[in-house]
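Notes follow once the structure below has been shown.
This one's a predicted model, so the numbers in the text were calculated from it and none came from an experiment.
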Amino acid sequence: MLKEKTMLSHTSRLFDMLEYQLLTFPQEDMLASKQPDGQWKKYSTQDVVNLVNRFSAGLMKLGLGKKGATVEAQDKIALISKNRPEWLLLDLACQQIGVILCPVYPTSNVLELEFIFNDAEVQYVFVSGEDLYNKVAGLKNEVASIKDIIAFDRLEGVPYWENYLSDEYVEEVAVAKKNIDPEACATIIYTSGTTGTPKGVMLSHRNIVTNVLNSKISFPFDDQPGTKALSFLPLNHIFERMVTYIYICSGICIYYAESLETIGDNLKEVKPNVFCTVPRLLEKVYEKIMIKGQELTGIKRKLFFWAISLAEVYDNRKSGGMMYNMQLAIANKLIFSKWREALGNNIQYIITGGAACQERLLRIFNGARIPIYEGYGPTENSPVISVNRQEKDGTHFGSVGPILHGQEVRLEADGEICVKGPSVMMGYYKRPDLTAEVIQDGWLHTGDIGVYVENKYLKITDRKKELFKTSGGKYVAPQPIENKMKESPYVEQMMVVGADKKFVAALIVPSFTTLRDWMQTNQIPYTDHEAAVKHPEVLKMYRALVESFNTFFNPVEQIKKFELIPHEWTIETGELTPTLKLKRKVIMEKHRDSIERIYA
């Protein structure tokens, strides 16, 4: 065991982790994906090693490989695909020969794709599915560097990825692997963020490897050969990708969900021990549970809401007393056991990040013996800065946990979180000006505002750029207000506004399923969303709801007026980032008329 730990601690390049798994705990189902015939296709560790080496050889056959020491000199490949084994195979194949992978969100619009392809000067683009191929094909003539587009699926007239597996160049691949510098750039991840032109975050092998190893120590991720993870968060995001490397060096087998729509079915089939998620998806799961609870009648309904009320006050840090613990045990047996069954009945832990998670949801799920741990970190830090932990006193609900092993964190006078350590990015590609803005004396300025709870747990209070000042000169942090209001089953989404205005206001997207039930109960006819948000009784109900939540905030933070929005904000319609954060500028522009009415 000591020898294995020493081997892992000496891992310096990402692809070394594949070799580590092969030597320590080779798996029969290292990777698995659902096939059209309904069967799961499994790849053993040896299969993956063989395919990755042949893929590296095929890329070398195309003339790709390490060309020089600078990032500009390295060849680049773009990847636009849903999560699947081929995603990781290409990632590792590129790493072994010094090619930089530039993964792009499948939801990116054509203008973003054109900018990224030109900025990175990508030579080949790998895609999954006909839709993504068609999206990219139109850009071939707009981006001079693109030599070809290669598909992971068999499409008529389109080069197929398996044709680029080669048994030649085997010795050349072995030599290339030995010569990959841990400080070399492994990937460029373009972050669209909530505003502005995409920025290419350059991450080296060392950046990501140190974050993987420090996360493994801190959480901790114990070696668990044979356990399973379900992967569905986009691998384009560094969070899911970094955790994937943790799975590899912990012996955890990775099963790829077919899509976001099939997660429920895939959970029951795979029965995973772990998965990663974002708060928005947890909210959706909870909403579905609550809708089913509302449909219950009689004693079943009473038991359901009794169980929820118990879990809402669950505290992992102190006992609720013998009576409370006994009641919660009964609630777990009668009600929450069904929740765990829906998740496959094997969940050991769920990790959430990417945005603030409602403390109420954390209490409810953890009270239901579905352990959820919240962490935090930006792409620019590879990404984890802090995470709640599995150890005793390692978790504090409402915080993002203690600082990760190996990281140095300081809070500026205004509360901005700054981090220093081996995981801090190399910089923004071709943008030394932007790099100099965010990295000063080795400290990465995250733009997030935070405080320490009990001098141990980091708590994010807001985004520095999202803080605004009213015309009265008072600062307002929108996120805590929005997160609190979203605890209501009647609020699906919400955005607080009020910069340079006399008072704070909000745009609210109702939870239309819950609202429809309320209207029916109160004998109010429901026709469509547009009519519902204008109905006087609905507006009266939401006014009362807003007033009830205003009591949690100072007078300057209280919502004085609001408008109900008749449709949900989504990635497809442009109001959300791929990680489901609000694009505030986009929303304000789209709903300019609503905001003008509020302040008329």
Side-chain angles (χ1 to χ4, degrees), residues 232 257 259-268 275 277-312 314 331-332 334-345 347 350 352 357-370 372 482-494 508-533 535 537-538 541-542 544-546 548-549 564-570 576 580:
F232 54 81
S259 69
L260 287 178
E261 288 71 37
T262 64
I263 290 172
D265 292 335
N266 295 154
L267 282 165
K268 290 171 188 170
F275 63 82
T277 186
V278 291
R280 185 76 189 116
L281 294 179
L282 283 177
E283 289 166 8
K284 288 282 192 186
V285 168
Y286 182 67
E287 284 163 15
K288 286 181 179 177
I289 290 170
M290 292 305 287
I291 288 166
K292 287 187 176 180
Q294 294 282 3
E295 292 169 355
L296 298 172
T297 56
I299 189 67
K300 286 185 178 179
R301 182 185 171 93
K302 285 181 180 177
L303 278 171
F304 179 87
F305 285 101
W306 169 76
I308 294 287
S309 68
L310 287 171
E312 280 178 330
Y314 173 75
N332 263 293
L334 297 179
I335 305 298
F336 299 137
S337 58
K338 296 178 177 64
W339 296 19
R340 296 192 295 273
E341 281 173 21
L343 297 176
N345 227 10
I347 291 295
I350 297 168
T352 182
C357 188
Q358 293 177 32
E359 187 176 331
R360 178 169 172 265
L361 283 189
L362 291 170
R363 290 187 186 281
I364 290 170
F365 278 106
N366 280 277
R369 298 179 188 167
I370 301 169
I372 298 179
E482 292 160 358
N483 286 336
K484 190 66 183 172
M485 279 286 291
K486 285 195 296 180
E487 289 181 6
S488 166
Y490 294 98
V491 177
E492 183 79 20
Q493 293 166 307
M494 177 177 176
I508 299 172
V509 178
S511 172
F512 285 102
T513 305
T514 311
L515 177 57
R516 187 187 291 117
D517 290 343
W518 179 87
M519 290 175 73
Q520 288 171 352
T521 301
N522 288 273
Q523 299 180 332
I524 301 168
Y526 182 92
T527 51
D528 55 35
H529 293 357
E530 283 76 10
V533 299
H535 196 284
E537 290 300 316
V538 169
M541 184 269 282
Y542 274 92
L545 183 69
V546 167
S548 71
F549 277 93
L564 298 181
I565 306 302
H567 51 78
E568 192 175 333
W569 298 322
T570 67
L576 300 184
L580 306 178

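- Side-chain contact check for Met485 versus Val546: some heavy-atom pair is nearer than 4.5 Å.
- Lys268 places no side-chain N or O within 3.5 Å of a backbone atom of Gly264 that could act as its donor or acceptor partner.
- The two atoms that bring Thr527 and Ala531 nearest to each other are OG1-CB, 3.3 Å, heavy atoms only.
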Begin with the C-alpha distance, continue with both residues' side-chain angles, and end with the deciding distance and a verdict on salt bridge (charged side-chain N to carboxylate O under 4.0 Å, His left out) for Glu359 and Lys484.
CA-CA 9 Å; Glu359 187 176 331; Lys484 190 66 183 172; over 6 Å; no
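- Minimum heavy-atom separation, Ala342 to Leu267: O-CB, 3.9 Å.
- In this structure a side-chain-to-backbone donor-acceptor pair under 3.5 Å is present from Gln358 to Lys486.
- Here Leu334 contributes atom CG and Leu303 contributes atom CG; the two are 6.0 Å apart, rounded to the nearest 0.5 Å.
- For Asn522 (side chain) and Ile524 (main-chain N/O), no donor-acceptor pair under 3.5 Å exists by modelled atom type.
- Interatomic distance, Glu537 CD to Tyr542 OH, rounded to the nearest 0.5 Å: 14.0 Å.
- Formation of a donor-acceptor pair under 3.5 Å by the Arg280 side chain with backbone atoms of Leu580 is not found in this model.
- For the atom pair CE (Met290) and CZ (Phe304), the distance works out to 5.0 Å, reported to the nearest 0.5 Å.
- When all heavy atoms are compared, the tightest approach of Glu568 to Val509 is CA-CG1, 3.9 Å.
- Once rounded to the nearest 0.5 Å, the distance linking CG of Leu343 with CZ of Phe365 reads 7.5 Å.
- Within a 6.0 Å radius of CD in Glu530, more than 12 heavy atoms belonging to other residues, nucleotides or ligands are found.
- Considering only heavy atoms from C-beta on, Val491 stays 4.5 Å or farther from Phe549 through its side chain.
- When all heavy atoms of Ala331 and Leu310 are compared, the pair lying nearest together is CB-CD1, 4.0 Å.
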Test side chain to side chain contact (heavy atoms under 4.5 Å, CB included) applied to Ile263 and Asn266, step by step
CA-CA 5 Å; Ile263 290 172; Asn266 295 154; 5.6 Å; no
Chi angles and distances behind the side chain to side chain contact (heavy atoms under 4.5 Å, CB included) call for Leu362, Leu282:
CA-CA 10 Å; Leu362 291 170; Leu282 283 177; 5.6 Å; no
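- A side-chain donor-acceptor contact under 3.5 Å links Asn366 to the backbone of Ile372.
- Within the 3.5 Å criterion, the main-chain N or O of Gly367 finds a donor-acceptor partner in the side chain of Asn332.
- Rounded to the nearest 0.5 angstrom, Ile308 CD1 and Ile289 CD1 are separated by 7.5 Å.
- When side chains are defined from C-beta on, Met541 counts as touching Leu515, because their heavy atoms get closer than 4.5 Å.
- In this structure, the side chains of Pro279 and Leu361 stay at 4.5 Å or more apart for every pair of heavy atoms.
- For the atom pair CZ (Arg516) and CD (Gln520), the distance works out to 7.0 Å, reported to the nearest 0.5 Å.
- Ring planes of His529 and Phe512: parallel class, angle under 30° (limits at 30 and 60°).
- With sequence neighbours excluded, the residues forming a side-chain contact (heavy atoms from CB on, under 4.5 Å) with Thr514 are Pro489, Tyr490, Ser511, listed by chain and number.
- Using a distance-only test at 3.5 Å, with no hydrogens or angles considered, a donor-acceptor pair links the side chain of Arg340 to the main chain of Ala368.
- Scanning both residues, Asn345 and Ser337, for their nearest heavy atoms gives OD1-O, 4.5 Å.
- Minimum heavy-atom separation, Tyr526 to Ala532: CE1-CB, 3.7 Å.
- Panel note: side chain Gln294, backbone Asp517; no donor-acceptor pair is recorded below 3.5 Å.
- Judged by distance alone, with hydrogens and angles left aside, the side-chain atoms of Ser309 form a donor-acceptor pair with the main-chain N or O of Trp306 at under 3.5 Å.
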